[in-house]
Amino acid sequence: MGRNTRRRPTGARRATSAAFALILGGGGLVGVNVYASASETGATDANVLSAGSATIDCPDVGEQLKTVPDAAKEGVDKELADLDQQIAEAYRQLQAKADQMQQNGDSGADEIMNPLKEKRSESIGRIVAAIDAAGDPPSGLDGFAACTLRPSGNQPGTGADTGQSAAPQDQNGASPSAGASQDQGGQQGGAAPAGNGPVAADYADIKSVQPNVANPQPQADASQGEFASSCGVNANGLFNSDNVIVAPGVTNGAHHFHDYIGNQSNTAFASDDDLAKADTSCQDKGDKSSYFWPVVRLQNGKQERDAGAPGGGTEGNAGQIVTPEQVTLTFVGNPRSKVTEMPRLLRIITGDAKAFVNGPANANASWSCTGFEDRQLKDKYPLCPQGSDVVRTFKFQSCWDGANIDSANHRTHVAFADAQGNCPGNFKAIPQLVQRIVYDIDAPSLQDGGRTSPLFAVDSFPENLHKPITDHGDFINVFDEGTMKNVVDCINNGKKCGAGAGDGGGQQEDPPATDEPSQSAEPNPSEAAPNPSEADPNPSEEPAENPSEEPAENPSEEPAQNPSEEPAPTADDPSDGKDEQGSGDNGGGQTEEPTEEAPATEPAGDDAPPATVEPKSDVTTPGDDQGAEVGTPAQTEAPAVSYPPATSGIEPQAVGTGGLAETGANLWPGVIGGLFVLSGIFVLYRIRRTYG
């Protein structure tokens with residue numbers, strides 16, 4: 001039989017070739033996609049667990065302790081401080097292992113997280129035992145021992161050794177400070193450890209914020225007076241990283257530096273008697289109260305005295321400390337009733353230093369700009385236009401339980417009034433402290449990671465990454481009884497009184513700290529170094545303005561601005577400078593009524609929900625849902641750039657590598673490849689049926 005020389009039709013040959021091409025091409029796409037996904041997953045896991053991009057979320061045990069017997073209080077406070085110290089130590093271990101993690105792709109998480117859990121379990125056990133010995137022990141605290149290592153959203157910088165500047169990243173990308181040179185302490189430019197924050201998404205243009213300040217109408221029995229105390233701006237540089245309210249007797253109990261004005265003897269070791277005998281920076285010597293808050297720093301690489309000390313650089317708090325240009329302390333009344341005297345040595349903390357991890361239940365941060373104070377930001381730092389200054393405002397709790405000067409969680413003995421000014425239950429209305437702190441800080445240049453104009457942020461606990469929502473203020477009432485009586489009479493009679501009334505909030509220089517506050521057996525090591533403001537003054541700081549140029553305003557007056565109109569000062573109008581904005585006629589002062597407006601994220605005393613075992617995060621990402629035009633603060637040396645607008649609420653931070661849309665984007669090459677393979681097989685099958 002002769003060989004069959006019949007050739008397959010030309011169309012069949014072409015179809016067969018196309019089928020094989022589809023199969024080969026599709027198989028290649030599938031293979032490449034699988035390899036890329038595997039590589040990306042491995043890189044992400046290592047990156048998430050590296051020291052620069054992880055945050056240690058630990059449930060807040062202190063928030064669960066509503067009542068602690070007096071006999072157990074000292075031991076409980078020490079253990080709560082130890083819990084914070086354990087987290088700080090875990091961060092130091094993460095930093096030490098950062099290079100190993102990134103080179104080997106080995107997270108090493110268990111080596112850090114398991115011992116942390118064991119230490120926390122032991123501390124919690126001692127807390128339960130101490131309370132059990134004096135009363136009924138708390139239940140359910142065992143579940144608060146475990147912590148979670150999560151991606152922070154602040155990724156490590158790149159080009160640290162070369163000085164190459166990386167492009168700014170958003171909340172899901174790299175730190176905007178990437179590219180700065182790395183010093184011996186492992187910090188980028190000496191400002192903050194890689195990935196420690198802040199990031200570009202932590203800022204919002206104040207002009208993109210809609211007016212959002214609401215004020216209750218005063219009723220017939222309202223107390224509409226105000227008493228102002230002028231206590232300086234901490235020009236003498238009184239700092240430490242203690243917190244005598246939360247962690248008495250524990251050095252570095254705050255894990256971040258505080259500014260102090262008023263009482264000059266506030267350290268972790270100060271007794272009530274020490275506070276009562278202390279010197280004061282206040283003009284009215286009847287006010288020895290202690291007012292303190294986390295310092296604000298410029299992320300510019302400057303080495304302050306705490307650069308290598310606990311509470312400072314070793315815990316991610318580094319850069320140049322900014323002295324406020326103005327601090328206003330005003331005590332105001334209640335829109336529905338008269339106020340009663342604060343008890344001597346009453347402690348009040350407003351806001352939550354751990355709000356990034358705990359969630360916003362107790363957050364009370366409020367950021368704005370002079371000339372725009374009818375617009376307040378809760379979870380963003382403001383980008384202020386040229387001629388406008390950064391403003392931090394703290395409105396403290398104005399209701400007291402009538403019995404206690406403190407409580408186990410330092411919250412339940414005081415509460416906020418509701419939106420109408422009513423105090424809860426049997427609580428009594430007391431004078432409300434409204435604290436306004438103004439800084440001469442230029443809007444940071446986000447487009448180059450702060451190289452042209454540095455980023456700024458508050459000091460924070462390591463795990464809270466300098467988020468603006470963690471801002472908080474502390475107050476201890478050390479008014480003498482006669483002065484406190486005058487405060488109440490002034491407020492209830494609708495007068496304006498006090499050494500700070502009409503002088504713009506106390507522009508006078510602070511007196512030298514004649515009494516060294518660290519005379520205890522265990523002094524704060526950070527106080528041994530010289531005062532940085534004296535040894536190396538801040539060249540960028542402006543001298544204090546004449547107090548007579550900025551009279552204090554009556555917080556009970558209606559805001560001067562029309563909320564429906566754009567505020568007068570703009571970056572394009574050089575005539576609208578700081579002198580005019582600070583004068584108080586355009587929103588630069590206390591334009592809103594001082595009573596609490598109860599925003600969505602504001603605490604509500606006993607109604608605040610307790611922390612849960614699984615900590616919550618609250619970072620928002622920039623968006624345009626408000627529909628506002630995003631302006632650009634003026635920069636003389638950098639190109640124009642659009643800054644993130646404010647978001648309308650606090651959104652949970654993404655924990656994984658992306659959502660469904662991102663996952664689909666990563667998988668589509670493999671899907672198409674699979675379709676190609678199936679199409680090729682189908683074509684071959686049809687050719688065989690037709691020509692076989």
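Model, not experiment: these values are computed from the prediction. In this chain, numbering begins with 1 at the start of the sequence shown.
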Y203 and F456 aromatic centres sub-6.0 Å: yes
Salt bridge D272-R347, side-chain N to carboxylate O under 4.0 Å: yes
Stepwise side chain to side chain contact (heavy atoms under 4.5 Å, CB included) test for D474 and I348: CA-CA 6 Å; D474 302 76; I348 306 179; over 6 Å; no
Test log, rule side chain to side chain contact (heavy atoms under 4.5 Å, CB included), inputs L346 and V414: CA-CA 10 Å; L346 175 71; V414 288; 4.2 Å; yes
I437 backbone acceptor or donor facing Q326 side chain under 3.5 Å: no
Separation between CG of L446 and CG of L455, rounded to the nearest 0.5 Å: 6.5 Å
Check: S290/N266 side-chain N/O donor and acceptor closer than 3.5 Å: yes
Sub-6.0 Å ring centroid separation between F239 and Y260: no
Salt bridge present between D379 and K467 (N-O < 4.0 angstrom): no
Closest approach of A365 to P468 (non-hydrogen atoms, all atoms of both residues): CB-O, 3.4 Å
Nearest-0.5 Å distance that lies between atom SG in C282 and atom CG in D284: 8.0 Å
Side-chain heavy-atom pair P198, Q299 within 4.5 angstrom cut-off: yes
Option from T350, N364, I430 for which side-chain contact (heavy atoms from CB on, under 4.5 Å) with Q397 holds: T350
Shortest non-hydrogen contact from R344 toward A276: NH2-CB, 3.5 Å
4.5 Å side-chain heavy-atom contact, T340 and V488: no
Closest heavy-atom pair and its distance - F257, R305: CE2-NE, 4.2 Å
Expected output: side-chain D259 to main-chain V295 donor-acceptor under 3.5 Å: no
Straight-line distance of N236 CG to Q264 CD, nearest 0.5 Å: 5.5 Å
Side-chain heavy atoms of R392 within contact of D471, under 4.5 Å: yes
Spatial distance of atom CG (D489) from atom NZ (K495) [nearest 0.5 Å]: 8.0 Å
L275 to N263 - nearest heavy-atom pair and separation: O-ND2, 2.8 Å
Backbone N/O of D389 and side chain of T370: donor-acceptor pair under 3.5 Å: yes
Check: E226 side chain, V332 main-chain N or O, donor-acceptor pair, under 3.5 Å: no
Step-by-step side chain to side chain contact (heavy atoms under 4.5 Å, CB included) determination, R375 to Q210: CA-CA 6 Å; R375 311 165 185 217; Q210 299 300 313; 6.0 Å; no
Beyond-backbone contact of I349 with I245, side-chain heavy atoms, under 4.5 angstrom: yes
From N464 atom CG to D352 atom CG, the distance as rounded to the nearest 0.5 Å: 7.5 Å
Residue pair Y291 / Q435, side-chain heavy-atom distance below 4.5 Å: yes
D459 bridged to R297 by N-O distance under 4.0 Å: yes
Polar contact flag, side-chain donor to acceptor under 3.5 angstrom, D274-S265: no
Side chain proximity check, C231 to Q283, heavy atoms < 4.5 angstrom: no
Polar side chain donor-acceptor pair, D442 to S453, under 3.5 angstrom: no
N/O donor-acceptor pair under 3.5 Å between N234 side chain and L238 backbone: yes
Shortest non-hydrogen contact from N334 toward G421: ND2-O, 3.0 Å
Side chain to side chain, I441 and V296, heavy atoms closer than 4.5 Å: yes
Backbone of V339 reached by a side-chain donor or acceptor of N492 within 3.5 Å: yes
Donor-acceptor pair between N252 and S241 side chains, under 3.5 angstrom: yes
Distance-only side-chain donor-acceptor flag, E373 / S368, under 3.5 Å: no
Check: H256 ring centre within less than 6.0 Å of H466 ring centre: no
Check against side-chain hydrogen bond (donor to acceptor under 3.5 Å, both in side chains), S366 and Q376: CA-CA 6 Å; S366 202; Q376 296 290 324; 2.6 Å; yes
Short side-chain donor-acceptor distance under 3.5 Å, T483 and D480: yes
Residues D84, K354: salt bridge by 4.0 Å N-O rule: yes
Separation between CZ of F356 and OG1 of T470, rounded to the nearest 0.5 Å: 9.5 Å
Shortest non-hydrogen contact between S289 and V478, atoms and distance: OG-N, 2.9 Å
Geometric cation-pi criterion K207 and F372, 6.0 Å radius, 45° cone: no
Mutual orientation of the aromatic rings belonging to F479 and F227 [parallel < 30°, tilted 30-60°, perpendicular > 60°]: perpendicular
Pairwise side-chain contact, S230 with L329, heavy-atom cut-off 4.5 Å (strictly under): no
Side chain to side chain contact (heavy atoms under 4.5 Å, CB included) between I206 and L377, intermediate numbers included: CA-CA 8 Å; I206 194 64; L377 290 161; 4.1 Å; yes
